[in-house]
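Below is one structure, written out as structure tokens; comments come after it.
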Amino acid sequence: MSAESLPVIRAMQLADSGFPSGVFAFSWGLESALADGQVDRHSLCDWVATELRTRWHGFDRVALAGGHRLSGAALAAWCETIDTMMPVERLRRDSVQAGEALFASARAVRIALDPGATEAERAGTGHFPVVHGDFLRACGLDLPTALMTSAYGMARGAFSAAVRLGVSGAIATQRDLLALAPLLAELSADIPDDDALPSGFMPLSDIALMRPRDGRLFIN
């Protein structure tokens with residue numbers, strides 16, 4: 001195996017929706033949006049594209065870049081900054097919960113995370129996108145590859161949720177992922193500046209994320 005191929009293989013593994021990253025039980029509000037008729041199988045691809053442009057590109061991309069670049073006390077402080085920028089308690093709690101699951105997976109596969117990340121874990125501010133950035137760096141992925149892995153993983157996870165909810169099928173999922181490939185490449189190639197702060201405006205999915213629903217299959 002060449003040294004050049006190892007990061008590619010790792011990226012493929014880490015972007016797989018079956019990897020226990022902590023977000024397997026998340027639908028990013030898709031479950032409620034489908035139940036309310038705001039999304040259907042015909043508009044599913046557009047919904048995922050909107051989430052990528054707003055939630056992932058505006059917030060997760062920047063948070064992840066900080067997690068990838070920073071270490072020690074600076075990384076712990078970045079986690080605290082991300083915590084203060086999540087005013088909705090339900091979303092904040094879910095993000096930390098997903099981060100905790102990723103910490104557990106990292107320990108299980110013997111990936112040592114930065115001390116700043118573990119400090120944030122103890123403080124209850126170990127948010128998933130930041131921890132994910134540190135985790136992908138520890139796995140040997142550079143920042144551009146980490147961003148591509150994260151963007152693809154979010155899209156793949158959303159489509160996987162749609163399949164488990166009975167809204168989409170395996171063939172349709174692959175067709176939609178192919179259609180979104182140019183967008184994924186474009187968004188993940190946008191490397192955040194060192195001083196960038198996350199932002200986003202996702203009212204449809206944020207409301208769906210927070211709505212209670214009996215018999216829910218996903219956490220959100």
Side-chain angles (χ1 to χ4, degrees), residues 7 10-11 13-29 55-143 145-154 156-158 160-161 188 192 194-200 202 206 209-210 218-220:
R10 282 185 168 172
Q13 177 191 12
L14 298 172
D16 192 297
S17 62
F19 185 84
S21 65
V23 294
F24 180 78
F26 286 36
S27 77
W28 294 276
R55 185 180 305 281
W56 185 84
H57 184 264
F59 198 96
D60 289 11
R61 173 185 63 99
V62 182
L64 184 145
H68 192 280
R69 288 168 169 155
L70 300 173
S71 61
L75 178 55
W78 181 243
C79 288
E80 183 69 27
T81 296
I82 298 303
D83 190 71
T84 63
M85 300 188 74
M86 302 184 73
V88 179
E89 175 59 25
R90 174 64 184 271
L91 301 184
R92 195 200 72 81
R93 186 175 66 248
D94 288 350
S95 178
V96 171
Q97 183 177 346
E100 290 172 348
L102 183 53
F103 276 114
S105 294
R107 294 186 181 102
V109 297
R110 295 183 174 86
I111 297 295
L113 297 184
D114 188 88
T118 55
E119 180 183 339
E121 180 186 21
R122 290 192 295 270
T125 57
H127 288 281
F128 176 78
V130 183
V131 180
H132 199 203
D134 182 43
F135 177 78
L136 295 175
R137 178 203 54 75
C139 289
L141 275 60
D142 61 18
L143 181 54
T145 306
L147 290 172
M148 286 189 287
T149 301
S150 173
Y152 178 83
M154 180 175 184
R156 184 69 184 87
S160 177
S188 60
D194 290 348
D195 59 351
L197 290 175
S199 63
M202 303 82 66
D206 276 354
L209 278 164
M210 294 183 287
F218 294 88
I219 293 173
N220 61 34

So which heavy atom on [X] is nearest to which on [Y], and how close?
X: A65; Y: L143; answer: CA-CD1, 3.9 Å
X: A138; Y: I111; answer: CB-CG2, 3.6 Å
X: A117; Y: F103; answer: O-CZ, 3.2 Å
X: L147; Y: P192; answer: CD1-CD, 4.1 Å
X: A146; Y: L136; answer: O-CD1, 3.6 Å

Approximate separation, where rounding is to 0.5 Å, of [X] [atom1] and [Y] [atom2]:
X: D134; Y: L102; atom1: CG; atom2: CG; value: 9.0 Å
X: S105; Y: E100; atom1: OG; atom2: CD; value: 12.0 Å
X: D60; Y: F128; atom1: CG; atom2: CZ; value: 8.0 Å

Of all pairs that satisfy salt bridge (charged side-chain N to carboxylate O under 4.0 Å, His left out), the ones with a partner from residues 109-119, not counting sequence neighbours: none
Does the side chain of [X] reach to within under 4.5 Å of the side chain of [Y], using non-hydrogen atoms?
X: L75; Y: V130; value: yes
X: L197; Y: V62; value: no
X: R137; Y: L141; value: no
X: L113; Y: V131; value: yes
X: F59; Y: L64; value: no
X: P129; Y: S150; value: no
X: Y152; Y: S188; value: no

Salt bridge (Lys or Arg N to Asp or Glu O under 4.0 Å) involving R107 - partner list, sequence neighbours excluded: E121
Mind jotting down which residue pairs meet the side-chain hydrogen bond (donor to acceptor under 3.5 Å, both in side chains) criterion with at least one end in residues 68-87? Sequence neighbours excluded, please. R69-D194, D83-R92, D83-H127
Using the test side-chain hydrogen bond (donor to acceptor under 3.5 Å, both in side chains), find all partners of T145 that sit at least two apart in sequence or belong to another chain. D142
